[in-house]
Amino acid sequence: MRQRQQNLLEGSCHARVEQHSRFSLKEMEITTMSEAIQLHAQILKTGSTHHNHNQNLSKLFTFSALSPSGDLSYARLILDSFPTPNSYHYNTMIRAYSQSSDPIQALHLFLPMVAKPTRHAPRPDKFTYPFLLKSCARLRLTREGKQLHGVIVKSGLGLDRYIQHSLIHMYSLGGESGLAYKVFERMSDRDVVSWTSMIDGFVDDGRPVEAIRLFEKMVDDGVEVNDATVVSVLRACAETGALGVGRRVHGVAEDRGIGLKPNVSTALIDMFAKCGCIQSARRVFDNVVDKDVFAWTAMISGLASHGHCQDAIELFCKMQDFGVKPDGRTMTAVLSACRNARWVEDGYAYMTSMQKDYGLRPTIQHYGCMVDLLARAGHLKDAEEFIRKMPMEPDAVLCRNMIWACKVHNDADRAERLIKYLQQLKTNSNDSGSFVLIGNVYASAGKWHDKAKVRDLMKQKGLVKPPGFSRIEVDGEIHEFAVGDSGHPEAETIYRKLEEIEDYLRKEGYSPKLSEVLLEIDDEEKAFQLSHHSEKLALAFGLIRTRPGSEIRIVKNLRSCENCHAVMKLISKVYRREIIMRDRIRFHHFKNGDCSCKDYW
DNA sequence: GTAGGGTTAG
């Protein structure tokens, strides 16, 4: 590439320059890189005496840096050729790097700007920092972001709202929404972007309940709400399964006349699907006039997660009939439909087709889904073979799913082999989820000594087990429960309800399967642990606080446990309640003692 | 001539 550029610079494009010379440089619009290179050659040829020289060089520099059909390295070549580049040039280059596949280059370019003043690097200004912070945000470089924050304050730019919004974004993506909130709090006359940045920041940092709370405060304070705000709070609703709030936000969006905007429609489809209302999602989807790939993908993904796999695939076909090209995420949704339906052959076919028909290179998401499909369907050997042929190292999620499947299919030998493999992988060495699962495999095999070793190792590494929790929304308020939680104000009533449930279940002849509890404790305590899984606490609370006969919706952050799954089925029958539970990978609709997943998940 | 938040993933 570089060689080709050099050749062109040195005059090999002479003929084409001639072709363009009948246009004046001023009028020339650049639309392709080859035009940009021609213009460059012409500028070099006519020399610096030309009155439009600088302006045109700037123009083609901006094109090379920022246009989707531009060329970053070419832009850098031009930048480096400027005798006295100004801050606009540097900012443009930093901006280009910040949205490129290699955002760290933005920081590299920035350093000379704050080093000892040199002839070549201009001083940073208020435009420089938002781009730099974006790079930090994308790379989750919170420490560097904090240093930048210091530089910003020292240079007197700490009150620039664009910079403040970028800081909120950077801190939140880096898992520091507390610091983001400090920035937000200190802002005087906060506008809609400030509020939206902070709401979105809470969602990015996995704190959707706070996001919803802030949205409500924003509305109470009478701050105008726009489509970005609505999209952000809908993401929070989707995450928590807060259907009531989601419906209210839907109303707000319609009142403001922004309910049909493409981004809002997609967020609504996603929210309804993730809150368990696949019909509402479909209604929104059907009303979207010009469906883009986002809308199609959100709908296909929703159908797949609800186990409507045939519908998902049919919609995928229809999407192509409409001339909409799938992207990588669409294919993940399609593969997850295959996974949930146990369609092994189709899975293979889509893996091939995405590359052949659409030129999409499969990512770890696609391989991960395919491995899960194979493994859960019982093709453990094929799954292992598939992993070996992957062009990348398996990651933590993939290994976890694989080990989970070994556990489901009672293949302890393979699990143990995978564990050894997993432990030597660099990428997984700090994934607490993998360790927990490994510990669980040992525990279920009764290897308490090995389990203890894993626990000690986790301690050494300072890894904490991510808590399992379930959420339920009652009267527009979200309640969260952890295992054996006693912190809820109504804990006493909840535990009494649980006892009542157990009585009912015993009458139905149900006894818990104790091997599911992966702790070295006696049987009575095991039974206690099982009956206090977070989803059961949420369920008991739901039974107390919702109308008899109404649906109960629960969202949990882990894959469903076999025992709880069995209990949910029974309760749906004994209490005549439809229970809609979302777990980490899909929905379970319990009704009349059966589950929509047909006990396959 | 440059800037801020915003939809779909195993």
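Chain letters run A, B, ... following the sequence lines, proteins first, then strands; residues in each count from 1.
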Would you indicate what A:Ser197 reaches in the nucleic acid, counting non-hydrogen atoms under 4.0 angstrom: base, sugar-phosphate, or nothing? sugar-phosphate
Kindly state whether the ring of A:Trp296 and the ring of A:Phe285 have centres lying under 6.0 angstrom apart. yes
To the nearest 0.5 Å, how far apart are CD1 in A:Ile585 and CG in A:Asn401? 7.5 Å
Atom-pair distance (CZ on A:Phe202; C1' on B:dG5), nearest Å: 15 Å
Side chain proximity check, A:Leu148 to A:Met170, heavy atoms < 4.5 angstrom: no
Whole angstrom value for the distance that separates C1' of B:dG10 from CG of A:Asn557: 17 Å
Ring-base stacking, A:Tyr162 with B:dA3 (5.5 Å, 30° cut-offs): yes
The side chain of A:Lys134 lies closest to which of these nucleotides: B:dG4, B:dT8, B:dG10? B:dG4
To the nearest angstrom, how far is A:Met218 atom CE from B:dG5 atom C1'? 10 Å
Nucleotide of B:dT8, B:dG1, B:dG10 approaching A:Asp270 most closely (side-chain heavy atoms): B:dT8
A:Ser177 and A:Asp205: side chain donor to acceptor below 3.5 Å: yes
Confirm from the modelled atom types if A:Ser58 and B:dG1 form a donor-acceptor pair under 3.5 Å, side chain to base only. yes
Heavy atoms from C-beta onward define the side chain here; which of B:dT8, B:dA3, B:dG5 lies closest to that of A:Arg329? B:dT8
Mind checking if A:Tyr367 touches a base, just sugar-phosphate, or nothing, with heavy atoms under 4.0 Å? nothing
Whether A:Lys274 contacts B:dA9 is assessed here as follows: a side-chain N or O lying under 4.0 Å from the phosphate OP1 or OP2. Is that the case? yes
Select one nucleotide: of B:dA9, B:dG4, B:dT8, the one nearest the side-chain heavy atoms of A:Gln365. B:dA9
Here the distance between atom C1' of B:dA3 and atom CD of A:Gln99, to the nearest Å, is 12 Å
Protein-nucleotide distance (A:Ile168, atom CD1; B:dA3, atom P), rounded to Å: 19 Å
Of residues 259-269 of chain A, the positions that come close to DNA chain B - non-hydrogen atoms, cut-off under 4.0 Å: A:Pro262, A:Asn263, A:Thr266
Does CG belonging to A:Asp290 count more than 12 external heavy atoms closer than 6.0 Å? no
Is there a donor on the side chain of A:Asn340 or the base of B:dG10 sitting less than 3.5 Å from an acceptor on the other? no
Hey, does A:Ile364 reach any base, or is it just sugar-phosphate, or nothing, if we go heavy atoms under 4.0 Å? base
Could you check which of B:dT2, B:dA9, B:dT7 has an atom nearest any side-chain atom of A:Arg235? B:dT7
To the side chain of A:Thr332, which of B:dT7, B:dT2, B:dA9 is closest? B:dA9
Round to the nearest Å and state the distance from A:Met354 atom CE to B:dA9 atom C1'. 11 Å
Between P on B:dG10 and CE on A:Met331, what's the gap in Å once rounded to a whole number? 14 Å
Would you check if A:Val555 and A:Thr240 make a side-chain contact, meaning some heavy-atom pair closer than 4.5 Å? no
Classify the nucleic acid contact of A:Asp200 as base, sugar-phosphate or nothing, counting any heavy atom under 4.0 Å across all strands shown. sugar-phosphate
Side chain of A:Val192 (C-beta onward), nearest among B:dG4, B:dG10, B:dG5: B:dG5
Are A:Asp270 and A:Leu234 side-chain neighbours, meaning at least one heavy-atom pair lies under 4.5 Å? no
When you compare the side chain of A:Gln105 with that of A:Ser135, does any pair of heavy atoms fall below 4.5 Å? no
Give A:Ser166 one of three labels, base, sugar-phosphate or nothing, depending on what nucleic acid heavy atoms sit under 4.0 Å from its own. sugar-phosphate
Between A:Glu176 and A:Tyr181, a side-chain donor and acceptor under 3.5 Å: no
Could you give the CG-to-P distance, from A:Asp327 to B:dG10, as a whole number of Å? 13 Å
Would A:Phe127 count as stacked on B:dT2 if the rule is ring centres under 5.5 Å and plane angle under 30°? yes
Base, sugar-phosphate, or nothing for A:Leu234, non-hydrogen atoms under 4.0 angstrom? nothing
For A:Asn86, answer base if it contacts any base atom (sugar-phosphate contacts may also be present), sugar-phosphate if it contacts only those atoms, and nothing otherwise; contact means non-hydrogen atoms under 4.0 Å. base
